[in-house]
Amino acid sequence: MAYVIGLLGYKGGVGKTTTAIHLAAALLKRGEVQVVDGDSNGSARLWAQGGNLPFPVRSLLQFRGADDGFVVVDSAARPSTAELTDLAEFCDLLIVPSNPEGMSLDALQQTVHRLEDLKIKHYRALLTMIPPAPSKKGIEARTYLIENNIPLFETGIRRTDAFLDASTQGSLVYEVKGSRVAKVAWLDFEALGTEVLAFLDSSPRKKS
Ligand SMILES: Nc1ncnc2c1ncn2[C@@H]1O[C@H](COP(=O)(O)OP(=O)(O)OP(=O)(O)O)[C@@H](O)[C@H]1O
Ligand SMILES: [Mg+2]
């Protein structure tokens with residue numbers, strides 16, 4: 001069976017769809033990948049519309065399961081408890097992205113409390129949209145999460161408009177022309193892919 005990774009969060013606009021698309025691309029070197037767009041706003045499907053992504057993006061209705069490889073599920077913000085439980089049951093790993101803003105970190109903490117209440121342990125927080133140095137917002141947010149015992153990926157995703165350009169073009173960030181940061185930002189997702197694989201390799205498979 002395939003490994004299933006779900007993006008999840010109680011706040012909108014924190015990078016769920018951007019992470020789903022780029023993590024899928026980073027996992028391609030380890031097997032077949034498909035993205036399932038579980039958000040009725042259809043952002044991931046819109047991203048794929050130009051036909052430039054190297055993996056399929058399917059709606060929940062189009063999804064027929066996968067024998068092997070990886071399935072990355074993008075989900076809508078603010079899931080109900082039933083949706084959260086379903087997603088957790090379906091996924092081998094849940095990723096909860098947050099940017100370093102106080103409001104987003106608050107929403108992340110609420111998400112984590114909901115997960116803990118439901119005895120769901122197979123999740124990791126991911127810091128996204130980290131502003132470049134000399135800003136200390138990224139490191140402050142990381143410290144805050146560690147102090148609050150929230151398990152998080154060592155990798156963080158930097159903030160760059162190249163992600164906006166990538167979604168507008170329907171491409172991946174490394175294909176954005178004329179931006180050196182775009183290439184470096186892709187390395188963030190390669191590093192995240194490595195961490196995700198290590199998590200999956202070390203955890204019991206849910207679906208087999
Ligand atoms: N690392 C980043 N740096 C700069 N902008 C980013 C980054 N990641 C995402 N964005 C931009 O932030 C906005 C929200 O990102 P995205 O759509 O991935 O979030 P989301 O959590 O899926 O939102 P929604 O809850 O609406 O589905 C988009 O305009 C996207 O291009
Ligand atoms: Mg989205």
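Remember, it's 1-based here, ligands and their atoms both numbered in the order they're listed.
Of all protein heavy atoms, the one lying nearest to atom 10 (N) of ligand 1 is Met129 CE, 3.8 Å. Nearest to atom 17 (O) of ligand 1 among the protein's heavy atoms is Thr17 CB, 4.1 Å. Looking only at heavy atoms of the protein, atom 2 (C) of ligand 1 is closest to Phe163 CD1, 3.4 Å. For atom 19 (O) of ligand 1, the nearest non-hydrogen atom of the protein is Gly15 N, 3.0 Å.
Put simply, atom 13 (C) of ligand 1 has no protein non-hydrogen atoms near it, under 4.0 Å away. Taking a distance limit of 4.0 Å, we find that atom 28 (C) of ligand 1 is approached by no protein heavy atom.
Distances between N or O atoms of Ala77 and those of ligand 1 include no value under 3.5 Å. For the pair Asp161 and ligand 1, the shortest N or O to N or O distance does not fall below 3.5 Å. By the 3.5 Å distance cut-off applied to N or O atoms, Ile157 is not counted among the residues near ligand 1.
Residue contacts with ligand 1: Thr128 is excluded, as none of its non-hydrogen atoms falls under 4.0 Å. Residue contacts with ligand 1: Gly13 is included, with a non-hydrogen atom under 4.0 Å away.
In the hydrophobic cluster analysis, where Ile, Leu, Val, Met, Phe, Trp and Tyr join through side-chain heavy atoms closer than 4.5 angstrom, Leu60 is grouped together with Leu94. Under a hydrophobic-cluster definition in which Ile, Leu, Val, Met, Phe, Trp and Tyr are linked whenever side-chain heavy atoms come within less than 4.5 Å, directly or via other members, Val184 and Phe163 are assigned to different clusters. A continuous path of hydrophobic side-chain contacts links Tyr144 to Ile146 [ILVMFWY only; heavy atoms under 4.5 Å].
Between the side chain of Gln110 and the backbone N or O of Tyr10 there is no donor-acceptor pair closer than 3.5 Å. Distance alone, capped at 3.5 Å, is enough to place a donor-acceptor pair between the Thr128 side chain and the Val14 backbone.
By heavy-atom distance, the residue among Lys16, Arg78, Arg158 lying nearest atom 25 (O) of ligand 1 is Lys16. By heavy-atom distance, the residue among Asp165, Thr18, Thr160 lying nearest atom 3 (N) of ligand 1 is Thr160.
Here Thr18 does not reach the Mg ion (ligand 2): none of its N/O/S atoms is less than 2.8 Å from the metal.
Counting the atoms of ligand 1 from 1 in the order shown, those under 4.0 Å from a heavy atom of Gly12 are 25 (O). Near Val14, the atoms of ligand 1 lying under 4.0 angstrom from a non-hydrogen atom of the residue are 19 (O), 20 (P), 21 (O). Remark: ligand 1 atoms within the under-4.0 Å shell around heavy atoms of Asp39 are 27 (O).
Residues that satisfy the side-chain hydrogen bond (donor to acceptor under 3.5 Å, both in side chains) test with Glu140, not counting sequence neighbours, are absent from this structure.
Around the NZ atom of Lys183, the shell of radius 6.0 Å holds more than 12 heavy atoms that belong to other residues, nucleotides or ligands. Counting heavy atoms of neighbouring residues, nucleotides and ligands inside a 6.0 Å radius, atom CG of Asn52 exceeds 12 of them.
Side-chain contact check for Pro54 versus Leu172: some heavy-atom pair is nearer than 4.5 Å.
Side chain to side chain, Glu116 and Tyr123 meet the donor-acceptor criterion of an N or O pair below 3.5 Å.
Tyr3 approaches Asp201 most closely through the heavy-atom pair OH-OD1, 4.3 Å.
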